[in-house]
Q: 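Take a look at the following structure, please.
Quick caveat, the model's predicted, so the values are computed rather than measured.
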Amino acid sequence: MSPRKSDGLTEPSENEPLLNNRTENDNLENQETYTPIPRYQGEDDQEDNIHEERIEEHEHLLPSQRHFARRRQGELLDPDDPAVSPLNLKSVRILRLTLCLMSVLTYIWAILLFINCFVSIPVIIQLRTSGFLELDMTVVSFISLLIALLFFSLPTNVERVMGYTITSLFFIQFILMWTIPHLRHSYSIVGIVTTGWTWFSCLVALVITPIVVQWGKEHEEVRLTGRRENRRTVTEWFKISLSFLLLTLLVIIPSILFFCGFMLDVYDTTRLITRTGDATVGSFVPVTTTGHHRYDVYIECTPTHKRLNPPLPDNRDPPIVLIEADDRVSAQALYEGWVEELYNVNKVAKVCFWNRPGRGFSDVAPSPFSLSESASALTTALETVLQEEHNEALTDIPFQNHSLAIVAHGLGGLYARVFAAQHISSIHSIFLIDTLHEELLRYKVGPISRGFGLWLRGVTSPFALKRQLSWILHGKGPRYRYLSGLSKVGKGSLAFDTHSSELKASLQEQVGALSGITQNEVEESNAILQGSNIPLGVVASAQSIRKDKEWAGLQKRLSKLTANSVAWEIYDGPHEIWAARQAKEQLQDLYSHIVREKRTTWVENS
């Protein structure tokens with residue numbers, strides 16, 4: 001009997017049981033393998049496959065038997081196919097566009113902060129700090145966004161861990177700036193918003209982006225290849241390593257150093273400015289500029305001795321000693337160096353000293369900052385303190401009831417001359433200690449290379465490495481980190497070399513010297529002082545003369561600044577003459593003589 005046929009298929013023989021063949025085919029179909037298996041498809045089977053394809057076009061399903069069936073037919077993509085990309089998803093593309101827009105905004109803000117280092121911008125003028133920390137944080141956020149864009153399709157768990165770390169640090173910094181009053185006053189809305197933006201940028205670039213891209217990558221791999229891809233190529237490993245290296249060097253390490261330096265500043269200012277621990281006993285006086293910008297300057301005055309020892313002849317009231325310090329030596333260091341001893345033995349009746357804007361405890365003033373603006377700020381601060389002390393009413397003539405004996409050191413001599421010219425009728429005497437002559441401004445203060453060096457040190461100052469080591473290794477307190485001249489680091493002062501506000505103030509002086517504005521102001525003041533009979537004493541350092549041949553001649557010319565030159569001396573000592581014991585005693589004896597001088601004529605053409 002011939003075999004029976006059905007639908008064109010030959011019925012299997014008795015030696016090959018039909019049940020066994022069906023069982024083997026079912027086992028092959030259930031295996032998760034990509035090995036192609038030949039299979040006959042009739043019309044009914046083709047319709048079923050078409051129906052399955054339509055379902056999959058509308059539904060993103062996990063790997064199932066249908067995926068493996070399509071893979072056997074060569075319809076799923078290879079994992080290395082460029083079409084297998086998270087950018088296929090609209091949400092991932094929107095995230096990438098967001099990163100691009102944030103990068104552009106961050107770049108523009110960084111440019112504005114850079115310009116603000118030299119010339120204050122109205123948008124940023126409320127900032128009372130140097131602006132270097134804000135610039136550095138903006139650069140860090142820009143680098144984070146840029147790295148996120150460059151390695152967008154290669155998210156890693158390490159990147160997320162780094163993101164969690166630095167976003168936590170910036171968030172703590174943001175909260176402290178917002179909640180602590182004196183920090184909120186110093187950093188103002190500009191610093192707080194910049195810190196908040198840095199936190200948000202790092203959160204988006206290093207936390208949200210890796211999570212979203214990883215989700216999109218796995219989603220597309222399952223949809224287009226039928227499984228998740230865990231392997232990486234050599235090129236991908238190289239890119240991941242490069243991303244890790246860049247993040248570590250340019251984002252993680254700087255962010256940790258910024259945070260440590262910020263926390264050290266929080267500790268220092270809490271002890272100094274809030275009058276706990278190493279308390280300040282002076283006053284913070286608000287000063288308003290012509291552009292209605294407000295900043296605070298620090299001024300301190302000692303109690304008044306009614307009589308000098310010995311008393312002045314004719315029962316004259318003793319003058320108030322006013323200190324104008326050098327850039328490298330704070331007014332506090334100058335006072336504690338030698339003037340304090342005269343005050344303690346009643347050689348001087350009262351001493352007032354202040355920190356110029358950017359120096360010591362004072363806020364940073366807007367740039368550019370001139371000598372006449374400094375003199376106006378000192379006038380406001382000193383008049384406020386004296387009026388509060390004596391309960392005096394405001395007058396049109398500052399210091400109408402007081403005479404001032406000015407002591408100036410180094411660069412402070414330029415500021416002292418401008419201040420004296422503005423209040424010539426209230427000046428009792430001028431005592432210049434190894435002060436700078438205006439002809440040396442362009443060579444010693446104004447070189448472009450010096451300005452670039454100051455800016456570079458300012459940009460790196462938020463790292464606070466030397467300041468951190470000052471208390472870790474040497475146990476120094478907050479005053480040593482804020483006041484120049486109290487602690488030495490190599491050939492310089494700790495605060496002058498490392499504190500951002502001090503570096504910003506020096507940069508302002510460099511810009512003024514380079515532009516010639518400072519020299520013009522000093523020369524105009526000299527013309528006013530030369531017509532006066534103010535007692536004048538000039539002391540030069542022998543070491544400074546040995547270093548610079550022109551120094552002695554220029555110091556001698558300064559002794560003719562007024563018509564009443566009391567003394568011109570050269571003492572054997574460094575630039576800080578009082579550091580040498582013998583020179584210190586000579587300095588004190590000479591000043592005791594000058595402060596007892598009587599001014600007979602106030603001004604030639606009064």
Q: Using a 6.0 Å cut-off, check whether atom CD of E550 has over 12 heavy atoms from anything other than its own residue.
A: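 12 or below, so no.
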Q: Under the salt bridge (Lys or Arg N to Asp or Glu O under 4.0 Å) test, which residues partner K556, sequence neighbours left out?
A: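 Result, salt bridge (Lys or Arg N to Asp or Glu O under 4.0 Å) vs K556: none returned.
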Q: Taking all non-hydrogen atoms of both residues, which atom of A580 and which atom of G573 are closest, and how far apart?
A: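 Looks like CB-CA, 4.2 Å.
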Q: Please check: side-chain N/O of T562 versus main-chain N/O of S532, any donor-acceptor pairing under 3.5 Å?
A: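 Not a single qualifying donor-acceptor pair exists.
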Q: Less than 6.0 Å separating the ring centroids of W578 and H409?
A: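 Here the rings of H409 and W578 have centres that are less than 6.0 Å from each other.
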Q: Can you confirm whether I448 is buried at CD1, in the sense that more than 12 heavy atoms of other residues, nucleotides or ligands lie under 6.0 Å from that atom?
A: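 Not buried by this count: 12 neighbours or fewer within 6.0 Å.
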Q: Any salt bridge between K347 and E341, counting N to O under 4.0 Å?
A: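 The answer is no: the pair does not qualify as a salt bridge.
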Q: Please check if any side-chain donor atom of E509 sits under 3.5 Å from a side-chain acceptor atom of Y415, or the reverse.
A: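 Their side chains do contain a donor-acceptor pair, which is all the 3.5 Å distance test asks for.
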Q: Are any side-chain N or O atoms of S501 and backbone N or O atoms of T129, one a donor and one an acceptor, separated by less than 3.5 Å?
A: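 No: the side chain of S501 does not pair with the backbone of T129.
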Q: Closest heavy-atom contact between A349 and P318?
A: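 Where A349 meets P318 most closely, the heavy atoms are CB-CG, 3.3 Å.
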Q: I'd like to know whether D136 forms a side chain to side chain contact (heavy atoms under 4.5 Å, CB included) with V459, so could you lay out the CA-CA distance, the side-chain angles of the two residues, the decisive distance to 0.1 Å, and finally the verdict.
A: CA-CA 7 Å; D136 288 350; V459 170; 3.2 Å; yes
Q: Hey, does the side chain of T435 reach the backbone of G410 with a donor-acceptor pair shorter than 3.5 angstrom?
A: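 A pair under 3.5 Å: yes.
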Q: Between R481 (side chain) and K466 (backbone), is there a donor-acceptor pair under 3.5 Å?
A: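 Checked: no pair found.
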Q: Does the side chain of N526 come under 3.5 Å of the side chain of E438 through a donor N or O and an acceptor N or O?
A: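 Indeed, the side chains of N526 and E438 share at least one donor-acceptor pair under 3.5 Å.
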Q: How far does CD of Q510 sit from CG of L441, to the nearest 0.5 angstrom?
A: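 With rounding to 0.5 Å, CD (Q510) is 11.0 Å from CG (L441).
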Q: Just so I know, are the side chains of M263 and L176 near enough to count as touching, which here means a heavy-atom distance under 4.5 Å?
A: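 Side chain of M263 against side chain of L176, heavy atoms only: contact under 4.5 Å found.
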Q: Atom CG of D317 and atom NZ of K350: how far apart are they, to the nearest 0.5 Å?
A: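 Here the interatomic distance stands at 13.0 Å.
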Q: Tell me whether Q508 contacts the main-chain N or O of A365 through its side chain, where contact means a donor paired with an acceptor under 3.5 Å.
A: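 Indeed, once roles are kept as given, a pair shorter than 3.5 Å links the two residues.
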Q: Are side-chain N/O atoms of Y571 and E569 paired as donor and acceptor at under 3.5 Å?
A: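 Note: Y571 and E569 side chains miss the donor-acceptor criterion.
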Q: Can you measure from CZ (F431) to CG (L587) and round to the nearest 0.5 angstrom?
A: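 If we round to the nearest 0.5 Å, F431:CZ and L587:CG are 4.5 Å apart.
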Q: Any side-chain heavy atom of L382 sitting closer than 4.5 Å to one from I320?
A: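 No; the side chains remain at least 4.5 Å from each other.
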Q: Do side-chain atoms of Q543 reach the backbone of D572 as a donor and acceptor pair under 3.5 angstrom?
A: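 Checking the backbone N and O of D572 against the side chain of Q543, no donor-acceptor pair under 3.5 Å is found.
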Q: How many angstroms lie between NZ in K584 and CD1 in I577, if you round to the nearest 0.5 Å?
A: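 Reported value, rounded in 0.5 Å steps: 13.5 Å.
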Q: Considering all heavy atoms of both residues, which atom of S559 and which atom of W568 are nearest to each other, and what is their separation?
A: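 Smallest interatomic distance, heavy atoms only, reads CB-CB, 3.9 Å.
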Q: Any idea how F114 and W455 line up, ring-wise: parallel (<30°), tilted (30 to 60°), or perpendicular (>60°)?
A: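 Perpendicular: the ring planes of F114 and W455 meet at over 60°.
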Q: Would you check, one step at a time, whether the test side chain to side chain contact (heavy atoms under 4.5 Å, CB included) holds for R359 with W354?
A: CA-CA 9 Å; R359 306 290 182 189; W354 78 310; over 6 Å; no
Q: Has the side chain of R128 got a donor or acceptor atom that lies under 3.5 Å from a matching backbone atom of D296?
A: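 Side chain of R128 to backbone of D296: no pair is present.
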Q: If you apply the rule side chain to side chain contact (heavy atoms under 4.5 Å, CB included), what do you find for Y187 with F262, and how did you get there?
A: CA-CA 12 Å; Y187 288 97; F262 173 78; 3.8 Å; yes
Q: Just verifying a value: how many Å separate L536 CG and L432 CG, rounded to the nearest 0.5 Å?
A: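 Between atom CG of L536 and atom CG of L432 there are 5.5 Å.
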Q: Start with the C-alpha gap between L483 and F496, add the side-chain angles, then the distance that decides, and say whether side chain to side chain contact (heavy atoms under 4.5 Å, CB included) holds.
A: CA-CA 8 Å; L483 300 176; F496 176 80; over 6 Å; no
Q: State the CZ-OG distance between F118 and S367, to the nearest 0.5 angstrom.
A: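 These two atoms lie 9.5 Å from each other.
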Q: Which label fits W338 and Y591: parallel for a plane angle under 30°, tilted from 30 to 60°, or perpendicular past 60°?
A: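 W338 vs Y591 ring planes: perpendicular.
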Q: Are the side chain of S188 and the backbone N or O of H185 linked by a donor-acceptor pair below 3.5 Å?
A: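 Between the backbone of H185 and the side chain of S188 there is no qualifying donor-acceptor contact (under 3.5 Å).
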Q: Hey, is the main chain of S544 close enough, under 3.5 Å, to the side chain of D548 for a donor-acceptor pair?
A: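 Judged by distance alone, no pair lies under 3.5 Å.
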Q: For residues P319 and V595, determine if any side-chain heavy atom of one lies less than 4.5 Å from a side-chain heavy atom of the other.
A: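 Contact flag for P319/V595 side chains = yes.
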Q: With distance as the sole test, does S565 use its side chain to make a donor-acceptor pair with the main-chain N or O of L561 at under 3.5 Å?
A: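 The answer is no, because no donor-acceptor pair under 3.5 Å joins these two groups.
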Q: Are D265 and R467 close enough for a salt bridge, meaning some N to O gap below 4.0 Å?
A: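 A salt bridge is present here (some side-chain N lies under 4.0 Å from a carboxylate O).
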Q: Do R417 and E521 pass the salt bridge (charged side-chain N to carboxylate O under 4.0 Å, His left out) test, and can you show the C-alpha distance, the side-chain angles, and the key distance before you say yes or no?
A: CA-CA 9 Å; R417 281 183 267 169; E521 288 182 320; over 6 Å; no
Q: For the residue pair E336 / Q332, report whether a side-chain donor-acceptor contact shorter than 3.5 Å exists.
A: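 Checked: Q332/E336 side chains show no N/O donor-acceptor pair below 3.5 Å.
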